[in-house]
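Single-structure report; data block below.
Counting begins at 1 with the first residue of the sequence.
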Amino acid sequence: MIAFDDKQPIGIVLNGIREINGKKVAWNGGTGVAKAYRSKGIGKKLVDVSISILKQNGVDIATLEVLKDNEKAISLYKDMGYKEVGILEYLNLNKALCQNPIPHLKRKVTVKQVLLQQIGKQFFYKAMNPWQTQWQSAKQGEGIIVEGEVGQVLGYAYYQRIFNSKGNHISTILFQCEARPNLKNAEEVIYFMLGHIFGDFKNVLNRIVPNLPVRESELTYKVLKQIGFQTAVQQLSMRKELKLPTLSGK
């Protein structure tokens, strides 16, 4: 959606809609107002009209991310009914490590390369993680499922490897990496999957983890920090319920 002053574009809102677990979920991929037109209520008007359009399209939940220190934008979204969900961190490790941080896995496991759609069907898949990290957004992504000796799924991960024009592997983006809930020694499964994805960390490679929910993916966050990943950006995840729950009863 674009706002105009006469024929001059002065503001935009970009939204996407996706069905998740039977509900329509929208994501605000960007709201911007030209510098000369800021502090005039245009941003609020854009968001207000955007929400109306989402409601007309039957959207149940509206989501967005905003820089954690962008107080003006956060205040605007709160005024429009958005609520804070949690902190997201963009993590990065762009160097070689002297020692391999991945411990030896004591249990026997099988790693299966799978389609991302198969990961999306796992009962513990984080479907409401940030839009950019959902399997539908992981274009050219690769997925793995780790199974135990009796075939029980212990964890999943999906990622994308990026190569330069010469065919050299220069970076890897990790979208999600999760262990089965209530799994004993789940931390070692997370370590194992990260080792499978990133290798022994002895080569120079730009390793990127975008918008990891610190609370919802607490164990993965802990392991990444232990390995040496650094926080580059913090964002705030926000959400607005557009449909009230239906009350049942006589």
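- The ring of F198 has its center closer than 6.0 angstrom to the ring center of F229.
- Distance check: L194 CG to T220 OG1 gives 7.0 Å after rounding to the nearest 0.5 Å.
- R18 forms a cation-pi arrangement with W131, by the criterion of a distance under 6.0 Å to the ring centre and an angle within 45° of the ring axis.
- Checking K126 against T133 by side-chain atom types alone, no donor-acceptor pair falls below 3.5 Å.
- For N164, the CG atom counts as densely surrounded, since its 6.0 Å shell holds more than 12 non-hydrogen atoms of other residues, nucleotides or ligands.
- Closest approach of A179 to M193, counting heavy atoms only: N-CE, 4.5 Å.
- No hydrogens or angles considered: a donor-acceptor pair under 3.5 Å links the side chains of Y77 and T31.
- No donor-acceptor contact under 3.5 angstrom links the side chains of Q134 and N129, judged on distance only.
- Here L212 contributes atom CG and L91 contributes atom CG; the two are 6.0 Å apart, rounded to the nearest 0.5 Å.
- Side-chain N/O atoms of Q176 and Y158 include a donor and acceptor closer than 3.5 Å.
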Salt bridge (charged side-chain N to carboxylate O under 4.0 Å, His left out) assessment of E188 paired with R107
CA-CA 9 Å; E188 68 175 9; R107 69 176 87 194; 3.0 Å; yes
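- In the hydrophobic cluster analysis, where Ile, Leu, Val, Met, Phe, Trp and Tyr join through side-chain heavy atoms closer than 4.5 angstrom, Y191 is grouped together with V189.
- There is no side-chain donor-acceptor pair under 3.5 Å between N28 and T63.
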Assess whether side-chain contact (heavy atoms from CB on, under 4.5 Å) is satisfied between H196 and V111, documenting all intermediate values.
CA-CA 9 Å; H196 181 90; V111 178; 3.7 Å; yes
Under the criterion side chain to side chain donor-acceptor pair (under 3.5 Å), I'd like the reasoning laid out for D5 against Y37: C-alpha separation, chi angles, the key distance, then a yes or no.
CA-CA 10 Å; D5 180 5; Y37 289 85; 2.7 Å; yes
Worked verdict on T231 versus E89 for side chain to side chain donor-acceptor pair (under 3.5 Å):
CA-CA 6 Å; T231 301; E89 291 198 5; 2.4 Å; yes
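- Between the CD atom in Q132 and the CG atom in L88 there is a gap of 8.5 Å [rounded to 0.5 Å].
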For K83 and M238, what are the C-alpha separation, side-chain angles and deciding distance, and is it a side-chain contact (heavy atoms from CB on, under 4.5 Å)?
CA-CA 5 Å; K83 298 184 183 301; M238 304 187 77; over 6 Å; no
Please step through side chain to side chain donor-acceptor pair (under 3.5 Å) for the pair Y156 and E178, ending with a clear verdict.
CA-CA 6 Å; Y156 72 80; E178 299 291 337; 5.2 Å; no
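- The same ILVMFWY cluster, assembled from side-chain heavy atoms under 4.5 Å apart, contains both L105 and L183.
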Test side-chain contact (heavy atoms from CB on, under 4.5 Å) on K72 and L76 and set out the steps.
CA-CA 6 Å; K72 287 186 177 181; L76 166 64; over 6 Å; no
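- Other residues, nucleotides and ligands contribute only 12 or fewer heavy atoms inside 6.0 Å of the NZ atom of K68.
- Neither side chain, E65 nor S237, offers a donor N or O lying under 3.5 Å from an acceptor on the other.
- Under a hydrophobic-cluster definition in which Ile, Leu, Val, Met, Phe, Trp and Tyr are linked whenever side-chain heavy atoms come within less than 4.5 Å, directly or via other members, W135 and F175 are assigned to the same cluster.
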